[in-house]
Amino acid sequence: MASVSEGMSCYTIINPPEIEPYNEMQLKQDLEKGEVNVKIETLKKVIQLMLQGERLPNLLMTIIRFVLPLQNHTLKKLLLIYWEIVPKTSADGKLLQEMILVCDAYRKDLQHPNEFLRGATLRFLCKLKEPELLEPLMPTIRTSLEHRHSYVRRNAVLAIFTIYKNFDWLVPDGPELIANFLDTQQDMSCKRNAFLMLLHADQERALNYLASCLDQVSNFGDILQLVIVELIYKVCHANPAERSRFIRCIYNLLNSSSNAVRYEAAGTLVTLSTAPTAIKAAVSCYIDLIVKESDNNVKLIVLDRLIALKENENIERIMQELVMDVLRVLSATDIEVRRKTLALAMDLVSSRNIEEMVLVLKKEVSKTHNIEHEDTGKYRQLLVRTLHSCCIKFPDVAAAVIPVLVEFLSDSNELAAGDVLVFVREAIQKFSHLQPLVIEKLLEAFPAIKSAKIHRTTLWILGEYANSLKDIMEVIGVVNRALGEVPIVEAEQSRLAGNETGEEEQKPTEVVNSTNKVTSDGTYATQSAFSVAPVAKKVERPPLRQYMMDGDFFVAATLASTLTKLALKFIQLEPNEKKQNRLCTCAMLIMSSILHLGKSGLPTKAITNDDTDRIYLCLKTLSVRTPEVVEIFTQSCRNALAHMLSAQSEEKAQEKKDKLQKNAAKIQPDDPIAFTQLANGKNDQLGENVFELSLNQALAGTKSTALADIASPNSKLNKVNQLTGFSDPVYAEAYVHVNQYDIVLDVLIVNQTSDTLQNCTLELATVGDLKLVEKPHPVVLAPHDFCNIKANVKVSSTENGIIFGNIVYDTTFSSNVVVLNTIQIDIMDYILPATCTDTEFRTMWVEFEWENKVSVNTTLTDLHDYLRLLLKSTNMKCLTPEKALSGQCGFMAANMYARSIFGEDALANLSIEKPLDRPDAPVTGHIRIRAKSQGMALSLGDKINHTQKCLQEKSVAA
């Protein structure tokens, strides 16, 4: 709905449908002589026409004469809307004479015996802006405060509130009147409205009333309790000395029966007091809300509030004692709630309660074995990663956690098992005293493993960390059992030959069933059927052999490397040369047998050249035993892992340090002054005014939480798009505001001509996954007048979109069209940096089918500068560690990752280079983008090309 002038403002939002051209004489006739139903429909049409800019002044007296006297309730409601929007003053600003009759009708409705009509009329009076109309009605409004029905009384309070706020001289004793009314009321909705008026009109009276009934607040209704919480917050924020007076009341409201009251009370308590008991009470209240509330959105909102509280160092120390209460939230079934809960608990856990937390997590692990749910696998993975973090942060609990986690190796969920092995690999490297325990548990779990990937990693760990003679022999024994009879080819051939013989001996007999049938001509015929019983027998092989028969020889290469490491370590530990040779021979037999199998044609796929080369290298190492190669097998692999783990630890520590420094950033003395901070300073004793902040956020719809960012005048101007030229008869510009799932276009339309523009319509269309929610309604523009039209566009996926259209309008002589400039919707509004593990990145890279290859075309000469430009322009996060990118070697490869607000993943791989001997040479190379949807891959590529093009234009201009 667009209002053409201030006098046409309407508080009631009506969505008028497309209506046919009207005939004013026909409308007048229907209002005069039509039946009641006809008058209702005609009055609706009149209201819709007026909302679209028509004046219809000749119908005012007709409606007063023929519609106003009727007692039909539907007509009464429609008339209230009509009186709201009809012009009540003449051109010189004086009240129309006809309004005296209308005022008399108001007074009669205020004395009507029907409670609904009286209440609805009182509610309508809140919207009147003409004191001349309100003044004669004041005695009747005052008497309505004493009506027997609460609906009339509470609307009378609202009417007095708005009249006092706009024209306080009409009711100068308003606060006193309402204070006396409040003392005598029992109905909660009346008390709430009365208290709300005192809160805004006379805080001192509101405080006096609250002080007189502090002990009874817990028995009030939730609507009144919410207003009381707001009053206490505002009073204490303005005057901190009042905190001790009302903080006990806030404590009592934490036990309210309403969840909304408890949430507001907890938030207010945290801002009013930093005492440990207050913080504990508020956090416990939040946790209780999360556990008891069934709506996942509410759970996530309250969890985010807890996470925000944790950022304060003083509050974090107090919250550390409530870790076990936080873990109660794991009873929720939503995976996002569980993820945030585990992350919060991991940040809060300390050495005092780590053992209790581990016990709870172990119980959760055992529960996942019995419950099958679509998110069970993801939840197990989360539990594994949390336990991993617990052990690294608190090494003392590792011995209790490892046996529980190793059970996951036999799990069908490969992701959880993979995370377990990542943890085991780190634990066995960092905690040498746990190596025997880890080796023992891995050997026990080895036969039950069901995945080739898990077997590979397990083999690597066993080969690297089995250091004693006993462990080496046990590992080789387990490997032999998992591999089966050697040589493999002969065993498989004999198995095949044995099966063929068995099939000949047990050849199924043909069973013939014969029956006599009578044909249609009466003769006899013999019918027979041969039935052959099919024989299907699946060959069961040991797991490692089965992988190789299926063509997976990467396991075989890992096995060869493991056997080589074990044999070399055995040679160093065992002085008996005969035993050394026996073990080496055994290992070499297995390797040669695998090579023979790979070339024999028995497996589904032949062995690859890479795997062949690796196994040959292992054979040669065992036979020649060159010192340099032996050192690589026995020492260098472990050293490389140690370097990688230390680099990861340093990176995490640096991230944590940067985060702390960012949070600790203060305003410096020489920083420019932001006037919004002077009005609502963050350094106030009670912090920022959260009520005003939430109101600003609701109005702006912005993701930013800083009041200064929301109030910034430049933030809105930057998003204004000019749609037409200054010389066009109709000038238009649009402010594009992007929310999470929709786009709001606030279009300003200015009539630059001396003619009245009839049916001025904004017509819009979209390209991409954008959908116009509703068609903007036509308006009438007076000469040199303007109006604002809002249009909502729904967004369903992360893809660049275009909004285009035109403005159509009619003048006295012709119809005209002004074509609008297109509005580009930027994909960057929906993409956020995210992180994932290398394994997840590789898995998604293989799964995603849409790839977009973008060539690097830039004037930049530094590889790191180009990477920073790319990250800034695409909102992606670089997954490659900083240490791996440091230095100058002439080329760079980096992985990047981001997620959209719709849950879509975007992957990118950067491969760039520049010649070292030419310092001024530009960076060359390409970027490969992969995504699940074609639109996201193409849109990201377009964004990169646009950024490169803008950079080149700047350099040319410079």
message = side-chain contact (heavy atoms from CB on, under 4.5 Å), that's the test. Do T458 and H455 meet it? Break it down for me.
response = CA-CA 5 Å; T458 309; H455 261 126; 5.5 Å; no
inquiry  = Between S561 and K565, does the side-chain contact (heavy atoms from CB on, under 4.5 Å) criterion hold? Intermediate values first, please.
reply    = CA-CA 6 Å; S561 177; K565 289 177 184 176; 3.9 Å; yes
query = Stepwise, does the salt bridge (Lys or Arg N to Asp or Glu O under 4.0 Å) test hold for E840 with R385?
reply = CA-CA 14 Å; E840 290 168 342; R385 289 182 179 178; 2.8 Å; yes
Residue pair M346, M357: steps toward the side-chain contact (heavy atoms from CB on, under 4.5 Å) verdict = CA-CA 9 Å; M346 199 60 237; M357 179 174 168; 4.3 Å; yes
request  = Go through the steps for L879 and C836 under the test side-chain contact (heavy atoms from CB on, under 4.5 Å), then give the verdict.
outcome  = CA-CA 8 Å; L879 300 180; C836 67; 3.7 Å; yes
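Heavy atoms only, all atoms of each residue included: R625 and C584 are closest at NH2-SG, 3.4 Å. Considering all non-hydrogen atoms of both residues, L434 and A399 come closest at CD2-CB, 3.9 Å. Across L863 and G890, no two heavy atoms sit closer than the pair CD1-C, 3.9 Å. For the pair A398 and C391, the tightest heavy-atom approach, listed with the atom from each and the gap, is CA-SG, 3.6 Å. The nearest pair of heavy atoms linking A556 to M548 is CB-CE, 4.0 Å. Taking each heavy atom of V923 and V856 in turn, the nearest pair found is O-CG1, 3.6 Å.
In this structure, the side chains of N945 and N857 stay at 4.5 Å or more apart for every pair of heavy atoms. Using a 4.5 Å heavy-atom cutoff, the side chains of I439 and I428 are in contact. Between L595 and M591 there is no side-chain heavy-atom pair separated by less than 4.5 Å. Between V406 and L409, the closest side-chain pair of non-hydrogen atoms falls below 4.5 Å. At a threshold of 4.5 Å between non-hydrogen side-chain atoms, the residues V358 and V404 do not count as touching. Counting heavy atoms from C-beta on, the side chains of V624 and V629 never come closer than 4.5 Å. In this structure the side chain of C390 reaches within 4.5 angstrom of the side chain of I354, judged on heavy atoms. Side-chain contact between R545 and E485 is present, with at least one heavy-atom pair separated by less than 4.5 Å.
Rounded to the nearest 0.5 Å, atoms NZ (K877) and OG1 (T835) are 5.5 Å apart. With rounding to the nearest 0.5 angstrom, the CD atom of E851 is 9.0 Å from the CG atom of N909. Rounding to the nearest 0.5 Å places CH2 of W460 at 9.5 Å from OG1 of T562. Taking CZ of F554 as the reference point, atom NZ of K453 lies at 10.5 Å (rounded to 0.5 Å). One finds the CE atom of M473 at 10.0 Å from the CG atom of L566 (value rounded to the nearest 0.5 Å). In this structure, OH on Y616 lies 14.0 Å from OG1 on T621, to the nearest 0.5 angstrom.
When atom types are taken as modelled, the side chain of K569 and the backbone of A466 share a donor-acceptor pair closer than 3.5 angstrom. Judged purely by atom type and a 3.5 angstrom limit, S911 has no side-chain atom pairing as donor or acceptor with the backbone of A893. A donor-acceptor pair is defined here as one N or O able to donate and one able to accept, closer than 3.5 Å; no such pair exists between the side chain of T858 and the backbone of Q948. Side chain of N852 to main chain of A937: a donor-acceptor pair is present (N/O by atom type, distance under 3.5 Å, no hydrogens or angles). Panel note: side chain H596, backbone E490; no donor-acceptor pair is recorded below 3.5 Å. Judged by distance alone, the side chain of S600 and the main-chain N or O of L597 form a donor-acceptor pair under 3.5 Å. With hydrogens and angles disregarded, a donor-acceptor distance shorter than 3.5 Å links the side chain of T604 to the backbone of M549. With hydrogens and angles ignored, the 3.5 Å screen pairs a side-chain donor or acceptor of Q580 with a backbone N or O of E574. Here the side chain of D552 pairs no donor or acceptor atom with the backbone of Y547 at under 3.5 angstrom.
No more than 12 heavy atoms of other residues, nucleotides or ligands shown are found within 6.0 angstrom of CD on E631. Atom NZ of K393 has more than 12 heavy atoms from other residues, nucleotides or ligands within 6.0 Å. Summarising the local packing, CD of Q493 is surrounded by more than 12 heavy atoms from other residues, nucleotides or ligands at distances under 6.0 Å. At most 12 heavy atoms of other shown residues, nucleotides or ligands fall within 6.0 angstrom of atom CH2 in W850. A 6.0 Å sphere centred on NZ of K932 holds no more than 12 heavy atoms belonging to other residues, nucleotides or ligands. Other residues, nucleotides and ligands place more than 12 heavy atoms under 6.0 Å from the NE2 atom of H926.
In this structure, a donor-acceptor pair under 3.5 Å is present between the side chains of D419 and Q381.
Among residues at least two apart or in separate chains, ring-ring contact (aromatic ring centres under 6.0 Å, His included) pairs with a member in residues 409-443 are H388-F423.
Checked against V420 for a side-chain contact (heavy atoms from CB on, under 4.5 Å), the options V384, I402, L387 give a single hit: V384. Applying side chain to side chain donor-acceptor pair (under 3.5 Å) to Y465 and the options Q429, R638, R425 leaves one that passes, Q429.
With Y379 as the aromatic partner, R338 meets the cation-pi criteria of under 6.0 angstrom to the ring centre and within 45 degrees of the ring axis.
Here R614 pairs with nothing under the salt bridge (Lys or Arg N to Asp or Glu O under 4.0 Å) rule; sequence neighbours left out.
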